[in-house]
Amino acid sequence: MKTRHFLSLFDLTPAELQQILRRANELKILRQRGEYYAPFPGKVLGMIFEKASTRTRVSFEAGIAQLGGSAIFLSPRDTQLGRGEPVEDTARVLSGMVDLMMIRTFAHASIERFAEYSTVPVINGLTDYNHPCQLLADLQTFIEQRGGIQGRTVAWIGDGNNMCNSYLSAACQCDFQLRIAVPPGYEPDAELLQRAAGRVVLLRDPLLAARDADLVTTDVWSSMGKEEQQQRRQRDFSPYQVTAEIMAQAKPDALFLHCLPAHRGEEVSAEVIDGPQSRVWDQAENRLHVQKALMEFLLLGGNTPA
Ligand code: CP
Ligand code: NVA
């Protein structure tokens, strides 16, 4: 049987995606009730982080521990990967020792190469191209707050980055409308834009993008690896801060989400992220629940318990 990986939302069928989102809610309720559910004693998750992380690391490490297993944190600083051992060799070696891998890296091609040589499921914990685990949490959060996302309108405001690309995939897989407002030169991936045709509109005006939206979302102006462009980006993105004025364009019950970490006064005003429409803390917590559902799905060979 072919090993299932989770490198993008397109690695799941829309039905599997919905199953995982439902399962995430069940696992959340179990945990809230204090019920012990640890079906994977002895299972080990290997985690390679080539970039910094708070949420991804803790949610995966806590998640696998709660499921009865354990995690190993690996950074290029203290593995041979950082001294040039090929990704292909690392993938084959680690596959013989752990049951699941999670990788956060720069080039998406690196995780694809790892997955090609891995005999255990590989989970994408963020690349320069996308951040599918974050989208699982965003979808779970919107659905639990508002009952469903199909047919809704989402406004993405800011950089056409890895998160924006993942919203494009989510629009396809969950059938919602996406309005993207980005400055010229910061557009998301052209192929994904093409793939989402009919569900996406690319705009320059953030006020127009937010009009009657059900969800307004954004992300940092300088993603990890782009720090040296900070000054130029501050200038180019300054009209794209999500403010109360932008939120006022959206539906009265619209939500605000942000994958975090956030920079108040840059991509979002403090008033919005700390205001009543923001659900960023639920969104961050849901990383834990939905990734437990994802790990369960992958450890059970691409199945979710009935
Ligand atoms: N949202 C997110 O992935 O956060 P971290 O960078 O802290 O993992
Ligand atoms: N776009 C951001 C997301 C961080 C979770 C980055 O890549 O740094």
Side-chain angles (χ1 to χ4, degrees), residues 6-9 24 45-64 71 73-76 101-111 123-142 154 156-170 180-183 185-189 192 215 217-230 232-234 236-237 240-242 256-264 266-268 273 278-292 294-295:
F6 182 65
L7 306 189
S8 128
L9 289 177
L45 168 72
M47 307 191 299
I48 296 177
F49 279 95
E50 296 194 319
K51 293 177 177 174
S53 169
T54 298
R55 281 143 288 268
T56 304
R57 177 175 177 181
V58 176
S59 54
F60 270 107
E61 203 162 326
I64 192 74
F73 173 83
L74 301 158
S75 90
M101 281 300 303
M102 193 250 46
I103 302 176
R104 168 169 283 197
T105 189
F106 292 87
H108 193 71
S110 305
I111 197 169
I123 299 170
N124 180 353
L126 178 144
T127 67
D128 289 345
Y129 172 66
N130 64 357
H131 195 5
C133 287
Q134 182 65 54
L135 255 289
L136 294 180
D138 290 26
L139 293 168
Q140 186 193 349
T141 308
F142 188 85
V154 176
W156 173 273
I157 292 165
D159 190 12
N161 64 9
N162 43 12
M163 277 297 298
C164 183
N165 283 340
S166 289
Y167 265 94
L168 280 165
S169 313
I180 297 176
V182 293
Y186 295 98
E187 291 78 11
D189 182 76
L192 283 172
L215 167 63
T217 185
T218 186
D219 187 14
V220 289
W221 290 343
S222 297
S223 285
M224 290 181 278
K226 304 253 188 287
E227 292 83 358
E228 80 291 350
Q229 299 174 11
Q230 182 117 1
R232 168 162 64 81
R233 285 172 169 265
Q234 298 261 15
D236 294 348
F237 284 110
Y240 290 82
Q241 182 181 115
V242 178
F256 173 77
L257 295 179
H258 187 312
C259 67
L260 307 178
H263 298 78
R264 288 169 177 78
E266 292 187 21
E267 74 274 7
V268 61
I273 194 168
S278 173
R279 293 293 182 278
V280 298
W281 313 122
D282 302 284
Q283 180 187 7
E285 181 191 316
N286 283 338
R287 293 289 302 276
L288 173 73
H289 308 298
V290 81
Q291 288 162 195
K292 283 166 74 177
L294 174 68
M295 289 191 282

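We count ligands from 1, going down the list as the structure has it; atoms in each ligand are counted the same way.
- Against a heavy-atom cut-off of under 4.0 Å, L260 is close to the following atoms of ligand 1: 1 (N), 2 (C), 4 (O).
- Close approach of ligand 2 to L126 (heavy-atom distance below 4.0 Å) involves ligand atoms 3 (C), 4 (C), 5 (C), 7 (O).
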Derivation of the salt bridge (Lys or Arg N to Asp or Glu O under 4.0 Å) call for K226 and D159: CA-CA 12 Å; K226 304 253 188 287; D159 190 12; over 6 Å; no
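- In terms of protein heavy-atom proximity, atom 1 (N) of ligand 2 is nearest to D219 OD2, 2.6 Å.
- At the shortest separation from atom 6 (O) of ligand 1 among protein heavy atoms lies R104 NH1, 2.8 Å.
- Among all non-hydrogen protein atoms, the one lying nearest atom 2 (C) of ligand 1 is R287 NH1, 3.4 Å.
- Below 4.0 Å from some heavy atom of M224 lie the following atoms of ligand 2, by number and element: 6 (C), 7 (O), 8 (O).
- Using modelled atom types, one finds a donor on one side chain and an acceptor on the other under 3.5 Å when comparing S59 with Q291.
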Show your reasoning for whether side-chain contact (heavy atoms from CB on, under 4.5 Å) applies to C164 and D219. CA-CA 8 Å; C164 183; D219 187 14; over 6 Å; no
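- Ranking protein heavy atoms by distance to atom 7 (O) of ligand 1, first place goes to T54 N, 2.7 Å.
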Going through the checks in order, is the side-chain contact (heavy atoms from CB on, under 4.5 Å) test met by I64 and M295? CA-CA 8 Å; I64 192 74; M295 289 191 282; 4.1 Å; yes
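- A donor-acceptor distance shorter than 3.5 angstrom exists from the side chain of N162 to the backbone of T127, with no hydrogens or angles considered.
- The shortest contact between atom 4 (O) of ligand 1 and any protein heavy atom is with R55 NE, 2.8 Å.
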Worked verdict on I180 versus Y186 for side-chain contact (heavy atoms from CB on, under 4.5 Å): CA-CA 11 Å; I180 297 176; Y186 295 98; over 6 Å; no
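- Atoms of ligand 2 lying under 4.0 Å from at least one heavy atom of N162, given by number and element, are 1 (N), 2 (C), 6 (C), 7 (O).
- Annotation for ligand 2: atoms under 4.0 Å from non-hydrogen atoms of N161 are 1 (N).
- Close to ligand 1: H131, with a non-hydrogen atom less than 4.0 angstrom away.
- If you number the atoms of ligand 1 from 1 as listed, the ones under 4.0 Å from a heavy atom of C259 come out as 1 (N).
- At least one heavy atom of L260 sits under 4.0 Å from some atom of ligand 2.
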